[in-house]
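The structure appears below as structure tokens.
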Amino acid sequence: MSRAFDDLGPYGDPRVSDAGAWPAEPESISPSVRSTPMPISAIATALAADDAEERRQAAARLGRADVAEALPLLLRALGDPDWRVRKEATYACHRLIQASSSAAPVQGGAEGDRPPAIQRGAEGDRPPAIQRGAEGDRPPAIQRGAEGDRPPAAQRGAEGDRPPAAQRGAEGDRPPAAQRGAEGDRPPAAQRGAEAARPSASQLLVGALLDALRTSDDVGLRNAAIEVLGYCGRDATPALVGALAELTGDERKLVVDALGRTRDPAALDALYATLAEKDDNLRQSAIEAISGMGLIARERVTDILYERLADRDRFVRLTSLNGLNNLEAPVPWRVLEPLIDDPILRSAALVAAALAESPEAPRALCAALATARGGAFAQLVRALARLAEGPLAPHAVTALRAAPVEVGARLVQAAAAQGPGGGAEPPSWRGLGADPVSGRAQALLLAAMARAPGAPDAAVQAMIEPALVETAQRALGLLGEEALPAVLAYLERHVDPDPDLWEGLDDATAALIDGAVAIAEQRGREGDAARSVHDAPEPSMTELLGAVRRSVKSPSTLVATSALYGLAKIGAADDLELAVSQTRAISLPVARAAESALAGLSERYPEAARALARQLVQAERTHLAAAIVIEALGSAEPEELAFLRSVASAGDVRARRAAVTAVAAAAGASALDVLSLSLADEEREVRLAAARALGRLYASLSDAGPAGDERARARELLRLVRASGEPELVAAAAQGGAPFRSDPPWSEAGDRLSAPVSIDVGDGAVSTPGMTGGPPSGKVP
């Protein structure tokens, strides 16, 4: 048996209600209790017990009883004083409805649509062997017979002995379709029925519950009845519409509530007509019911809700506006603007403003920011933030920058709020809801768009909070050069050799260095030569470069690496020697970052780099730096090539690795001898660099002309790499550009490597699958 909340109801559309999906059944009652049949008399006795838990257990078993017999007991349980019993009774009703709706559909049924579960049954629970029998328990041999015991030959016959041709017929000659039927022609769905057609479980429940609404004053019973009537779906709609015309007073409001819970589009006509009534309570219930049907009849519901935005009742207008917001249906600004001034409607109107498609919306929201308080201020921020992320973003930015200065100040104050225990909370930023960080992030971005005074300081401060780092970086990007003074002030305080000043803040410091360098780069790209960060730095750029240089020697590895990468982008020619000094840093990440910085500066200042290289080759401790500079320049003089060949065979590990890469970049095909030796180097780092350089060199050579011979030599070296049995070398060569997948020689080499190899073990040869080299595709397993 499916659980109640897994079912979508007796109709196709999802059941979406204000109360949510059908509630989950409590686990305190085991499924076996709910599924085990129990005599109806025992259930009735248990429902009369003083113990509420015993009554609840009994109510759970009603879901397996026959609906006709269980109906009085269901009504008693639905009106029980204990809410748990009432809730269990609603689950039982649900299971009865579910059982009738999950069976096969009735074709050509008798009165009303009947669920298949009771098409062929009589009253009460009967065993399967007599499901098609008449009243009373009869042996299987006469399941389909008439009254009395009849021999097998006459089981299906009428009174008296009849010839075989008429054994299954009724009085007189009857067509085959009615051979097993009762008197008169009956539709196929009733061919096996022993009695007149019975209504479905939903129809029986609807009739009984409507009677209870008419006669009972029990509030618990009424509420439970509305819940069950709603779950009956479209089976309940006609009866509820009829009851709406008959009943008076509070009962009509309950019927309207039940119509809304059915989620049947056919109920919209009756609900819409109710909006013309004079009873405000009834009209309010009707608009709530209509609003709840937006997902199943979107177009009709949207039209009704638009119409009711001009209703005389403020609650009806509010419900209509909330319904449109839930459907994300934009409201015309001319209709929405007056609603923002209404204190009761303002909250929903501000949400609707975020969906508005008029350029007037951002201006109105910015104007309201100047005086809004508490939750209204938070909603305005969210609405503006949403507009700023959509197609109206330019209008939102324009409105923010044209707003009074108080607006920007309040946004900055809101972005800096720490909440309880974190400093003074501004009076305009209360009630942020469940996610105050999100509200602060939105306020910070809006303050940055507005170029509000204090926004750079707020963005810098937000960098210290991990949850706001990404937002703070975006804000710094929006502020551009305006943020540099605040960033520099922070770096001046925190970039210092004393670890006590930066400990715990190195993440924020590194991120601020990255952000400031990005701003400087953008400024250099957008400005002319006079404003370039390289040719004519202004005071702020000079200060930034000074802070970056100091950060290079920070005790924090994270700060130092960020500074070195920034130095490569905005550093001057004089910074080449600073980068050289850091290539010998104890921290390997810092040393690697220094190599990248040295290469980047060499590319930007080739003349200074060439002069520096001539000095670096003189001392063994700077051979690594010299090789990096020569590689970055992309060309080498004869004495520099000789230097690289020498270092590739006799330098330290890092210098050999750099020399191998540099000689391949500067010498071209003439570097094959060096690469062949380096492929056999004892250090893995050198071998990988040689394989990667060999792949690049092979990809750059042509098969035509003199280069063809060099390409053939490079191919032979790559075959050796494939045969080396080192997957990392194969992967490095492929990364460099060796086409292991497509070039025919590689597939041939792969075939040779994967061919069986005979190994002499004395008594005979054992065939092995092949050598343990890299896979023919060149991939690393």
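None of the values given here were measured: they were computed from a predicted structure.
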For this session: Measure the CG-CZ distance between L387 and R382 for me, rounded to the nearest 0.5 Å.
Result: 14.5 Å
Exercise. Is L544 close to I519 at the side-chain level, that is, under 4.5 Å between some pair of heavy atoms?
Worked result: no
Exercise. Are the side chains of V412 and P453 in touch, meaning some heavy atoms are under 4.5 Å apart?
Worked result: no
Exercise. For the residue pair V629 and A613, what are the closest heavy atoms and their distance?
Worked result: CG1-CB, 3.9 Å
Problem set entry | Minimum-distance pair of heavy atoms, taken over all atoms of A388 and A393 | O-CB, 3.2 Å
Exercise. Does some side-chain heavy atom of S602 sit less than 4.5 Å from a side-chain heavy atom of L576?
Worked result: yes
Problem set entry | Shortest non-hydrogen separation from L601 to A572 and the atoms involved | CD2-O, 3.9 Å
Seminar exercise, completed: Which of E728, E683, E726, Q735 passes side-chain contact (heavy atoms from CB on, under 4.5 Å) with L688? Answer is E728
Exercise. Would you find a donor on one side and an acceptor on the other, under 3.5 Å apart, between the side chain of R722 and the backbone of V730?
Worked result: no
For this session: Check for a donor-acceptor pair, side chain of S646 on one end and backbone N or O of A642 on the other, with a separation under 3.5 Å.
Result: no
For this session: Check G571 against R604 and note the closest heavy-atom contact, atom names and distance.
Result: O-NH2, 2.7 Å
Exercise. Do the side chains of S438 and Q442 get nearer than 4.5 Å, heavy atoms only?
Worked result: yes
Problem set entry | Chi angles and distances behind the side-chain contact (heavy atoms from CB on, under 4.5 Å) call for Y490, Q461 | CA-CA 9 Å; Y490 175 91; Q461 185 65 28; over 6 Å; no
Problem set entry | More than 12 heavy atoms from other groups under 6.0 Å of CD on E620 | no
For this session: To the nearest 0.5 angstrom, please state how far the CG atom of L558 sits from the OG atom of S587.
Result: 10.5 Å
Exercise. Sub-3.5 Å donor-acceptor pair from the side chain of D575 to the main-chain atoms of L578, do we have one?
Worked result: no
Exercise. Hey, what do you get for CZ (R614) to CZ (F643), rounding to the nearest 0.5 Å?
Worked result: 13.5 Å
Exercise. Taking atom types as modelled and ignoring hydrogens, do the side chains of R696 and T661 form a donor-acceptor contact shorter than 3.5 angstrom?
Worked result: no
For this session: Evaluate the side-chain contact (heavy atoms from CB on, under 4.5 Å) criterion for residues R610 and L633: first the C-alpha distance (whole Å), next the side-chain angles of each, then the deciding distance (0.1 Å), finally the verdict.
Result: CA-CA 8 Å; R610 180 71 70 183; L633 293 174; 3.5 Å; yes
Problem set entry | Greater than 12 external heavy atoms within 6.0 Å of R584's CZ | yes
Exercise. What's the spacing between E482 CD and L476 CG if we round to 0.5 Å?
Worked result: 11.5 Å
Problem set entry | Where Y698 and A714 come nearest, the two heavy atoms and their spacing | CD1-CB, 3.9 Å
For this session: Kindly compute the distance separating CG (L729) from CG (L694), expressed to the nearest 0.5 Å.
Result: 10.5 Å
Exercise. Under a 4.5 Å cut-off applied to non-hydrogen side-chain atoms, are L484 and L479 in contact?
Worked result: no
Problem set entry | Side-chain (S678) to main-chain (L675) donor-acceptor, under 3.5 angstrom | no
Exercise. For Q473, does the CD atom sit with more than 12 other heavy atoms under 6.0 Å from it, leaving out its own atoms?
Worked result: yes
For this session: Run the numbers on L444 and L468 for side-chain contact (heavy atoms from CB on, under 4.5 Å), then give the verdict.
Result: CA-CA 10 Å; L444 179 58; L468 295 176; 5.7 Å; no
Problem set entry | Side-chain donor/acceptor of S562 to backbone N/O of V559, under 3.5 Å | no
For this session: Any pair with a residue in residues 656-682 that passes salt bridge (Lys or Arg N to Asp or Glu O under 4.0 Å), sequence neighbours left out, goes on the list, sorted by first then second residue, please.
Result: E595-R657, R656-D681, R656-E682, R657-E685, D673-R713
Problem set entry | Intermediate values then yes/no, side-chain contact (heavy atoms from CB on, under 4.5 Å), V617 and E640 | CA-CA 8 Å; V617 299; E640 292 173 337; 5.6 Å; no
For this session: Would you give the length of the straight line joining atom NZ of K569 to atom CG of L564, rounded to the nearest 0.5 angstrom?
Result: 12.0 Å
Seminar exercise, completed: In terms of heavy-atom contacts, E481 and P485 come closest through O-CD, 3.5 Å
Exercise. Do the side chains of L384 and L369 get nearer than 4.5 Å, heavy atoms only?
Worked result: yes
Exercise. More than 12 non-hydrogen atoms from neighbouring residues, nucleotides or ligands closer than 6.0 Å to CG on L588, yes or no?
Worked result: yes
Exercise. Should we say atom CZ of R474 is surrounded by more than 12 heavy atoms from elsewhere, each under 6.0 Å from it?
Worked result: no
